[in-house]
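Remember, predicted model here, so these are calculated numbers, not experimental data. Throughout, protein chains are lettered first and strands after them, A, B, ... in sequence-line order, and every chain is numbered starting at 1.
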Amino acid sequence: MVLQAALEAGMDIPHYCYHPSLSVVASCRLCLMEMKVPDPKSGELVWMPKLVPSCQTPVKEGMEVRFNSPAVQQNQQQCMEYFLLNHPLDCPVCDQAGECYLQDYSYRFGQPTSRMVEEKLKNPKKDVGPRTLLYQDRCVMCSRCVRFTDEIAGTHELTVVNRGNRAEIDVFPGLPLNNPLQGNVVDLCPVGSLLDKDFLFKQRVWLLRETKSICPGCSTGCAIRIDHNEGVIYRLKPRFSPKVNDYWMCDEGRFGWKYLQDGDRLTRPVVRRGGEVFYPRWEDIPEIINYRLRKLAEQQTPTAVVLSPMLACEEAWLIASYVRALLPQAVLVASWLPVQGAEQNFPVGSPAEKARFTIRPEKCPNRRGVELLINKLGGASSTLEDLIKQVKEKKIKAAWITGGYSQRDWVSKELAAAAKELELLVMQDLYANALTDNSHVLLPSCCWAEREGSFVNQAGLIQPFERAVDGPEGTRRDGQYLYEIAGYSGLYRAEKVRERMAEQLAEFRDIYVAPDPPEHQH
Amino acid sequence: MSWKAYDRNQPVMDPQAPPVLTEAVREKIRSFFPRYETKRAVLLPALHIVQELLGYVSYQAMKEIADLLEIHASDVLDVVSFYTHFANHPKGRKTVMVCRSLSCELMGGKAVLEAVKNTLQIQEHGTSTDGQYFLVTEECLAECDHAPCLKINERTYHQVKATDVSRILADEKNAELSIARSSLFDPPGH
Amino acid sequence: MSSDFEPILMRNVGVAKAADLQVYEARGGYQGIRKALQMSPEELIDEVKKANLRGRGGAGFPAGMKWSFLPKERKVTYLCVNADESEPPTFNNRVLMESDPHQLLEGIMIAGYATRATVAYIYMRGEFTEPFHILQRALNQAYAAGYFGKKILGSDFSMECYIHRGAGAYVCGEETGLIESLEGKRGWPRIKPPFPAVAGLFAKPTVVNNVETLCCLPHIVLRGAAWFTAIGPQGSFGPKLFCVSGPVNRPGCFEESMNITVKDLIYGSKFAQGMIGNKAVKGVFPGGLSMGVLTGDELEMRMDFDSPRKFGLLGLGTAALVVFNEDTDIRDVLLNVTRFYAMESCGQCTQCREGTGWMYKIAQRISLGAGRREDLDILVETTRNMGMMPGLSICGLPDGAAFPIRTLVEKFRAEFEQHIVRQEPGKVERVLRVLN
Ligand SMILES: Cc1cc2nc3c(=O)[nH]c(=O)nc-3n(C[C@H](O)[C@H](O)[C@H](O)COP(=O)(O)O)c2cc1C
Ligand code: SF4
Ligand code: SF4
Ligand code: FES
Ligand code: FES
């Protein structure tokens, strides 16, 4: 469509109803343009007297269109006046202020004052779902939200009621907006009409900083953005990623990160030796680990490295290659896999091959990455179950185990029992559990938002993510301390590590970074 | 800032309530399925049938229709709210529709409307205290040659004078048609 | 003007029991379809094209041409009969269905045969109650006599016909609004392309025609295209129904050629027979409200497809006239008209949804005696900023809102201004304070 092409060319064409992943309705009439057509008599190309919606007009070879004519601009101006006719102009208290395309467009395409002297229509606010509020007054009736629930979620909760300028968005009472993808309607809403209760009045958006990330919630690996300010995360938003999540993310991912800010994270390294507990400084950790591991090597202690699917590829690689360098026989083990529920395809009820979005049961971001490394690095490998047996049979006597799960109870009884048999347990995790309590060296982890690296999603795409915030006071990024343990100095940069990995593992030469959507598309 | 908002999370109907659509009504609705490619297309007929049965389309009925046509209840609500003839609230047994379009207005429609309001002591969209009448105004009824007009349910009154109104409304049989009535939708007669 | 016009479409109006099959057949009915079945669908379409039968639903699009847009390869075709007749003050479809329902059914059969339609849906507005019962009864009779269903009259042509009732929405008369409504949805008109001929009802090739258009078909088939084009002026052939209402002596539906003028329709002895009480005509909406208004000085306008444009009107529309006389307060007319469109806009397109609503608000204030001069300018400007003709909307409803409102304000501006001048000072502010 012409609109999409124009946006991709960097043009700023105002639009509300058009969204590249929803059906075209061409109803807001804001994106209208002028177009040349052949004159019926002479056959030469002339400007058509009427405007046409650029969102509904396919691009054709040799076509000529324009957006800068007086007629086009007058229509934009007129539309903006109309949109504001019944709008309360309450930007100072509106959550959307700063990312509102009503505010933005009326400033840039509108006219300064409304000529309507009558009272504005007053529409009620509606609590349309457990997470979402609808402020009808601000709605521009673009119907994006309705089309989302019809076409992407397939759950149909949102609908239009009434007609004319009394039309409103609503749900059937008692069947609220409550589907696993519902948060997307808030992103889609070009104005501040649909609002996330969770974010309501928490932070003015212009204070937020954005960091590109990948959702760790499941193996789909949605491209996301972390919005944060002064070290505090306020919300997650999907990023456009044509190969992965299109424009969407699920609520589980969107709201599932709250555990990070619970306040009972592990924050300092611990060393236990013969019943004594020490709290070493981070600077001493490489020394301690090195000493311990060299000892294992000297004694040829059979050792395992348990790699968590929560690790970034770079971190897993640092650990594995470091341990293998000292202990070439070390067994690489893929850690526990959090699996929950069944695959959920959307629109609801559509078969997997037709799905436009999928929430996967594997609730971790990097199983494939870890498996890839274990396979490519070669040598001895094992499963977690076998490892437990081998420990019991004393065939494995030392282990480096990584956790990092949001599930605090991830450590099974068997694993906990086995761990007690180990001569040396180096443990990396977020929260205290049976393993951390019995470890000889405990290294607190950071969560994904506090780290950088890359995850390999279920489709095998290697997707880098960036650090948004610092971990709680006292912590260090896993990448950084692993880097130092492995004998490097300086600042850990995942990219640098990836380059090194790529020398050894061709797969890592090809990472997938979703393209930025056009600046003025929304 | 405080949010006073209508709560849409709570059902407006009793989830335990027995169904309002009888099997006969369901069967009648189903009998329309062969007429259209989709079940959804039976929505307007279904709403007409239900409204004729219940006098209005309750939320409970909307939900049941949705289940019958395999669509979401919100789609039924959408359609009910779009068309002016469907009501989602109980109303009087007979609906008085007074035409307010231009020909009728020019011929005295406003006075007729006033007379109806006075006689029934109700305003537009009101139901008389005895539950008999519900009053609405309508755009052109396509009877402008007989302006001003009003309808009581299916029956149309022509050239109504304000002075006729009380007599018309007092008549018990004022909603009865003078012509043979077809069933709301007859099955094709073959 | 031919005063000896022989009624064709209305020939059975006033005939006792004309709605009965036997009476209709006895008066030559169902011969058109018999003749049509002897022709091929292509021959039939050619004949209708030759007759240049232009749609009577408002847009005046040639029916034969519309049918030939159907894709060559198609399994299913739907015919939608537009019996939504919601344009105030139009009632010719009602008269046709009430008085001569079989004529319509025969027209449906012919159009169905020409377009190889498999099902015909008669979309009838919800307000039509008596006409519905009459038409449904006629349809039952026609089915019983083998005019619908499988292998009609022994031919290979099969078609079902159902009545689908609307429920109060003007916009469902717009052909794609009608299709949406038939599909069980809100009557939000669709964007085009695709046009209904390619992907209409249930995404299948679909033809939408008005009742009166279809009623012409039996006569075209029986009497030939040449007969049809002999009636009326160039480009506006065939018999046409004209509705006249308002304070005239004999309101009603009259059949004539499109040579007739507005004046004849109001004053002619065979027509409305002049104004009640010999009042002067202040204005006339000659084509349904949506086409715009004529002043009392413009009554010589000919009621054909092309003349209205010369008078600043949108077109012939439904050829339904409503006359208002010298006693009418122009502000009441404005209020009535603006309300109609504000209530009936479907609410999809911004300019239509907000524009019609705003104009209604302004008209309300003007009618309360609190108008301002700039209101008149805003009204005119608003009408220029809406509608399908300038490309600003999906359907033609706002064009239909723009023309009457603009022509009212422009042609009667002096009167509006007089009211404003005569207003007490401070009235605007006071009214606004009460309203707000
Ligand atoms: C807002 C609107 C309302 C309309 N209402 C009607 C109507 O009630 N009846 C009708 O026949 N055509 C109506 N039309 C015209 C139809 O869209 C369509 O042109 C017509 O049904 C085609 O039939 P015809 O070619 O036989 O005239 C309406 C158009 C618009 C834009
Ligand atoms: S609530 Fe937002 S997304 Fe939905 S129609 Fe209104 S403006 Fe569009
Ligand atoms: S122009 Fe008006 S009536 Fe037509 S589709 Fe748009 S909003 Fe609806
Ligand atoms: S009409 Fe093109 S973006 Fe809305
Ligand atoms: S104006 Fe009242 S019936 Fe047409």
Side-chain angles (χ1 to χ4, degrees), chain B residues 32 34-48 51 69 71 75-76 78-86 97 99-107 110 138-147 151 153-156 177-190, chain C residues 85-91 93-94 119 125-130 132-134 136-137 139-141 143-144 148-149 160-170 181-187 202 204 243-247 251-253 285 289 320 322 324 328 332-333 336-337 339-340 343-344:
Chain B
F32 284 82
R35 293 189 180 194
Y36 306 91
E37 271 189 33
T38 63
K39 287 187 178 170
R40 173 156 192 172
V42 178
L43 184 49
L44 253 61
L47 291 171
H48 278 298
Q51 176 143 302
L69 305 188
I71 54 180
D75 294 329
V76 181
D78 166 325
V79 167
V80 167
S81 70
F82 182 83
Y83 296 93
T84 53
H85 290 184
F86 299 127
M97 296 181 177
C99 176
R100 63 180 182 193
S101 279
L102 194 54
S103 295
C104 287
E105 178 173 319
L106 293 170
M107 300 305 284
K110 278 183 182 164
E138 277 285 334
E139 300 302 345
C140 181
L141 300 170
E143 300 273 359
C144 335
D145 44 346
H146 310 300
K151 282 178 104 82
N153 288 352
E154 293 193 322
R155 171 143 165 210
T156 312
L177 287 178
S178 56
I179 53 166
R181 202 173 174 283
S182 287
S183 149
L184 184 59
F185 293 86
D186 279 348
H190 60 110
Chain C
E85 186 153 79
S86 306
E87 176 74 36
T90 310
F91 48 88
N93 291 355
R94 186 205 91 225
V119 186
R125 66 187 302 216
E127 291 83 349
F128 278 158
T129 50
E130 287 101 336
F132 161 71
H133 294 298
I134 293 168
Q136 179 71 64
R137 187 167 157 271
L139 183 58
N140 291 349
Q141 290 175 342
Y143 256 110
F148 287 101
E160 304 294 334
C161 181
Y162 308 114
I163 302 179
H164 188 97
R165 301 187 70 184
Y170 170 62
S181 182
L182 255 169
E183 290 185 1
K185 301 176 186 156
R186 57 175 37 231
F202 306 120
K204 303 285 171 7
C243 306
V244 187
S245 60
C253 182
F285 291 88
L289 291 187
V322 52
F324 50 95
T328 313
D332 292 342
V333 179
N336 195 298
V337 172
R339 185 195 53 222
F340 177 73
M343 292 301 140
E344 299 300 331

Identify which part of B/Leu177 has an atom lying under 4.5 Å from any heavy atom of chain C, answering side chain, backbone, both or neither. side chain
Max heavy-atom pair count under 4.5 Å with chain B, selected residue of C/Ala169, C/Cys253, C/Ser86, C/Ser181: C/Ser181
Is it true that the side chains of C/His133 and B/Glu154 contain a donor and an acceptor less than 3.5 Å apart? yes
Residues which pass salt bridge (charged side-chain N to carboxylate O under 4.0 Å, His left out) with C/Arg339, listed by chain and number, not counting sequence neighbours: B/Glu139
Under a 4.5 Å cut-off applied to non-hydrogen side-chain atoms, are B/Leu69 and B/Arg40 in contact? no
Check whether C/Gln141 gets within reach of chain B through its side chain, its backbone, both or neither, counting any heavy atom under 4.5 Å. neither
Quick check on C/Thr328 against chain B: is it the side chain, the backbone, both or neither that has a heavy atom closer than 4.5 Å? side chain
Tell me if a side-chain donor or acceptor on C/Glu160 pairs with a main-chain N or O of C/Phe148 at a distance below 3.5 Å. no
Do the non-hydrogen side-chain atoms of B/His85 and C/Glu127 ever get within less than 4.5 Å of each other? yes
Please classify the contact between C/Phe285 and chain B as side chain, backbone, both or neither, with a heavy-atom cut-off of under 4.5 Å. side chain
So C/Tyr162 and B/Tyr36, would you call those rings parallel, tilted or perpendicular, with 30° and 60° as cut-offs? tilted
Residue part contacting chain B, namely of C/Arg186, when any heavy atom lies under 4.5 Å: both
Part of B/Glu143 lying under 4.5 Å from any heavy atom of chain C: both
Given heavy-atom pairs under 4.5 angstrom as the criterion, report whether the side chain, backbone, both or neither of C/Asp332 touches chain B. both
Is chain B contacted by the side chain of C/Glu85, its backbone, both, or neither, given a heavy-atom distance below 4.5 Å? both
